[in-house]
Structure formats: structure tokens, C-alpha cells
Amino acid sequence: AIAYARALRETGNSAQAVSVLETTLRTSKKFDELEIQTRAALSRAYLANQQLNEARAVLVPLQGKTEALLPLARSLNEILTQTNDLSIADSVANLYRQALAQNPDPDPKLLREVADVFVGLPQGQTFALQIYRQLVASNPNDRSLFVKQLTLESKLGLISRPELRARLAQAVQ
């Protein structure tokens with residue numbers, strides 16, 4: 001149902017995606033991974049269907065549930081990104097920080113996701129830079145990470161424009 005609803009949403013049928021996911025959620029008997037993922041998908045479908053209040057409300061049961069940290073963080077970040085509602089930026093940041101704290105050796109994909117999210121959060125760029133530097137140190141051949149690091153260093157005023165250009169030219173050769 002989640003995959004079908006995603007396909008519906010991505011092809012412009014968000015109202016039908018909402019209907020499919022609401023039905024799936026109503027038939028859910030217990031709080032488990034399927035319900036968590038269904039609620040996250042339903043939030044995205046509501047958002048695509050211009051139902052912001054419903055997009056937020058369907059996520060409320062996920063709050064405070066350790067197993068729902070990342071789906072909740074991702075869903076709230078999508079709401080933040082699409083609506084530019086900075087009132088939830090702290091919640092997004094806290095949820096991602098909790099997810100990192102839960103995992104002492106996080107997967108590089110999660111680290112990259114967190115860094116990419118924090119770049120767009122108020123007062124999150126310094127933390128994002130720390131993560132990009134960590135990722136570059138462990139993946140020195142990943143030029144896209146290096147470019148993101150350099151761009152952020154320039155944006156934060158840590159390197160000059162000429163130094164940025166020189167280091168970018170060196171990175172892409």
C-alpha cells in the first residue's frame with residue numbers, strides 16, 4: 001500500500017494516495033514498523049494534497065517513540081522544506097541529533113543525510129560542516145562531499161573566494 005500510494009502521489013494523484021494510506025492505517029491493529037512507515041507516507045501524501053494540518057496531525061503518535069525517530073525527522077523535515085515553517089526546525093534538529101546519539105557508529109548514508117538537512121536549518125551549518133569534514137576524512141575520493149565541505153566553509157567565511165576557487169579546481173582535476 002505504501003509503494004502504491006507513493007506511485008500515486010508522484011504521478012499527481014495525491015488524493016487517491018491519501019485514501020489508500022488512510023484505509024491502511026485504519027486497519028492497523030498494533031503500533032509497529034508498518035504503522036510508522038504508513039504514517040510517514042500519509043504525512044507526505046497529505047502534504048502533496050495541500051492538507052498541512054493533517055500532515056502534522058498524523059505524525060503526533062510517532063512523537064516520543066524511539067523506533068520512529070528517523071521517519072518522524074524525515075517527515076517533519078519534508079514539511080519544513082515544503083512550507084518553510086521554521087517553527088519545526090528545532091524539532092527536526094533534535095530528532096536527527098537523537099538518532100545520531102542512539103547510534104555510536106552511524107552509517108555514512110545517515111551522516112550525509114543529517115549533514116544535508118542541517119545545512120538548511122537555522123544555526124545548523126556549523127554542525128553540518130563537522131559532519132562533512134568527518135565524511136571527507138573517511139571518504140577522501142568522494143568529490144561531492146569535498147565540494148559540499150568547501151562550499152559550506154566559504155559560506156561560513158572560513159575560506160576566501162580565491163581559496164575556494166583554487167581548492168575546487170584542484171578537487172575536480
Q. Which pair of heavy atoms, one from Leu164 and one from Thr151, lies closest together, and at what distance?
A. CD1-N, 4.2 Å
Q) Is the NZ or CZ atom of Arg9 positioned over Tyr4's six-membered ring, under 6.0 angstrom from the centre and within 45° of the axis? A) no
(Q) Between Arg112 and Ser144, do the side chains contain a donor N or O and an acceptor N or O under 3.5 Å apart? (A) yes
Q. Just by modelled atom types, is the Gln134 backbone N or O under 3.5 Å from a matching donor or acceptor in the Ser138 side chain?
A. yes
Q: Measure across Phe31 and Lys65 and return the closest heavy-atom pair with its distance rounded to 0.1 Å.
A: CZ-CG, 3.8 Å
Q: Find the distance between CG (Leu100) and CG (Leu70) and round it off to the nearest 0.5 Å.
A: 8.5 Å
(Q) I'd like to know if the side chain of Asn139 and the backbone of Leu135 have a donor-acceptor N/O pair within less than 3.5 Å. (A) yes
Q | Least distance between heavy atoms, Gln125 atom then Leu152 atom | A | O-CD2, 3.4 Å
Q. When you measure from the side chain of Thr81 to the backbone N and O of Asn77, does any donor-acceptor pair fall under 3.5 Å?
A. yes
(Q) Quick one, Leu111 with Tyr132, criterion side-chain contact (heavy atoms from CB on, under 4.5 Å). Give me CA distance, side-chain angles, the key distance, then yes/no. (A) CA-CA 8 Å; Leu111 286 173; Tyr132 284 136; over 6 Å; no
Q | Flag, side chain of Arg143 to backbone of Ala171, donor-acceptor distance under 3.5 Å | A | yes
**Q.** Heavy-atom closest pair, residues Thr24 and Ala1
**A.** OG1-CB, 3.3 Å
